[in-house]
Number of protein chains: 2
Amino acid sequence: MVDHDDEPEGLSVAQMAETTGVTGYTLRYYERAGLISTIPRTSGNQRRYRATDVEWVRFLLRLRETGMPIAQMRNYAVLRTKDDDSLRPRLDMLTDHHEALRRQIKTLQAHERALRSKIATYRQMVADTENEETADD
Amino acid sequence: MVDHDDEPEGLSVAQMAETTGVTGYTLRYYERAGLISTIPRTSGNQRRYRATDVEWVRFLLRLRETGMPIAQMRNYAVLRTKDDDSLRPRLDMLTDHHEALRRQIKTLQAHERALRSKIATYRQMVADTENEETADD
DNA sequence: CTAGAACTTAGAGCACGCTCTAAGTCCATC
DNA sequence: GATGGACTTAGAGCGTGCTCTAAGTTCTAG
């Protein structure tokens, strides 16, 4: 019986990978790259990810999926470690990224319309071709 | 006066780069990669891009900007060279890509909402912090 | 107490999409 | 007809973001 043993609780790398959908390689790479910091370790030096770490990685993945490069994510991550008076610059970064994301979506929507119209043209061409072929019967 | 000289008309690489917004390096790379084929050449072996080539490159850029990898663009480009009976597979590729694009936009829109809400939270936190500081006066 | 699966690190390797270099040719202008 | 800028090719190099390897340590189950 132990009053409290000092082993941190949380997810192992493999469990964290499973939970977040990235590989263990990537999780360790993100840590080396400065995107993730100070994951608690067991007495045997193994990582134990907490709930807050899961949330942070999920946020990183959101940034990644919206096209933010690693270097910029690191800037944000570094600000986060300086806590409170970095709120403003963090907000500014988020706002900038949000604006970029809105533009990105607008561009994709324009591409989607163009593609849709091209597909309509193609469908017509395919239909015409098939009609010609059947017309010979 | 010449009845017709056989020099093809059109844009040089530099002019094509200017027109499409990619570098000359990239245009030649796309040709090597099989995305662009049979650009007419002058008697001195220099490329002359026609209006249809401009259109094709613009379409390639649309595919690129919507996340299609080079290998897949090449597949499409190869089909195009086989002309008419490749209409169906080309239509299928376009349809698949269109569906992928729609999903991509949906995902980004979800990220946009999440980011917008996070920003709102941040704005509140920044406002609160600034109030505290001013409250001491 | 031991076998083997999972973990650790630093660093090498890889896939992608360009981007540039080198060495030589072409073309417009004086 | 010479000079300089744009062109040609094949192939090397680069930035990004992982992905894997090697060699060693830790954890878990029997």
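Chain identifiers are assigned alphabetically (A, B, ...) following the order of the sequence lines, protein sequences preceding nucleic acid strands; residue numbering begins at 1 within each chain. What's counted below: heavy atoms across the whole structure, side chains too, no hydrogens, waters or symmetry copies.
In the set C/dC18, D/dC27, C/dC7, the nucleotide with an atom closest to the side chain of A/Ser43 is D/dC27. Closest to the side chain of B/Arg41, from the set D/dT8, C/dG11, C/dT8, is D/dT8. Closest to the A/Tyr29 side chain, of the nucleotides C/dC7, D/dG17, C/dC18, is D/dG17. Here the side chain of B/Ile70 is nearest to one of C/dC18, C/dT19, D/dC18, namely C/dC18.
No more than 12 heavy atoms of other residues, nucleotides or ligands sit less than 6.0 Å from atom CD of B/Glu9. By the 6.0 Å contact criterion, CD on B/Gln15 is enclosed, its count of non-hydrogen atoms from other residues, nucleotides or ligands being greater than 12.
B/Thr23 has no side-chain polar atom (N or O) that falls below the 4.0 Å cut-off from OP1 or OP2 of C/dC18. Contact annotation: A/Arg47 side-chain N/O to D/dT26 OP1/OP2 distance is not under 4.0 Å. The shortest distance between the side-chain N/O atoms of A/Tyr25 and the OP1/OP2 oxygens of D/dG17 is not below 4.0 Å. Phosphate proximity of D/dT26 to A/Thr42: absent, as no side-chain N or O sits under 4.0 Å from OP1 or OP2.
Summary of the strand contacts: B/Arg32 and B/Asn45 both lie near DNA chain C, and taking for each the nucleotide with the nearest heavy atom, the more 5' one is attributed to B/Arg32. Between A/Gln46 and A/Thr26, the residue anchored closer to the 5' end of DNA chain D is A/Thr26, taking for each the nucleotide with the nearest heavy atom.
When rounded to the nearest whole Å, the span between CG of B/Leu11 and C1' of D/dC7 equals 15 Å. Look at CD1 on B/Ile39: it is 14 Å from P on D/dC7, rounded to the nearest Å. Whole-Å rounding puts the B/Arg74 CZ to C/dA15 C1' distance at 13 Å. If you measure from atom OH of B/Tyr30 to atom C1' of C/dT19, you get 12 Å, rounded to the nearest angstrom. The distance between atom CG of A/Leu61 and atom C1' of D/dG17, rounded to the nearest whole Å, is 13 Å.
By the 4.5 Å heavy-atom criterion applied to side chains, B/Gln109 and A/Ile105 are counted as neighbours.
A/Arg28 comes within 4.0 angstrom of a nucleotide base, judged by non-hydrogen atoms across all strands. Residue-level contact check: A/Arg64 touches the backbone only, with heavy atoms under 4.0 Å from sugar-phosphate atoms and none from bases. Using a 4.0 Å heavy-atom cutoff across all strands shown, B/Arg48 reaches no nucleic acid atom at all.
Ion pair A/Glu31/A/Arg41 flagged as a salt bridge, since at least one NZ, NE, NH1 or NH2 atom sits closer than 4.0 Å to an Asp/Glu carboxylate oxygen.
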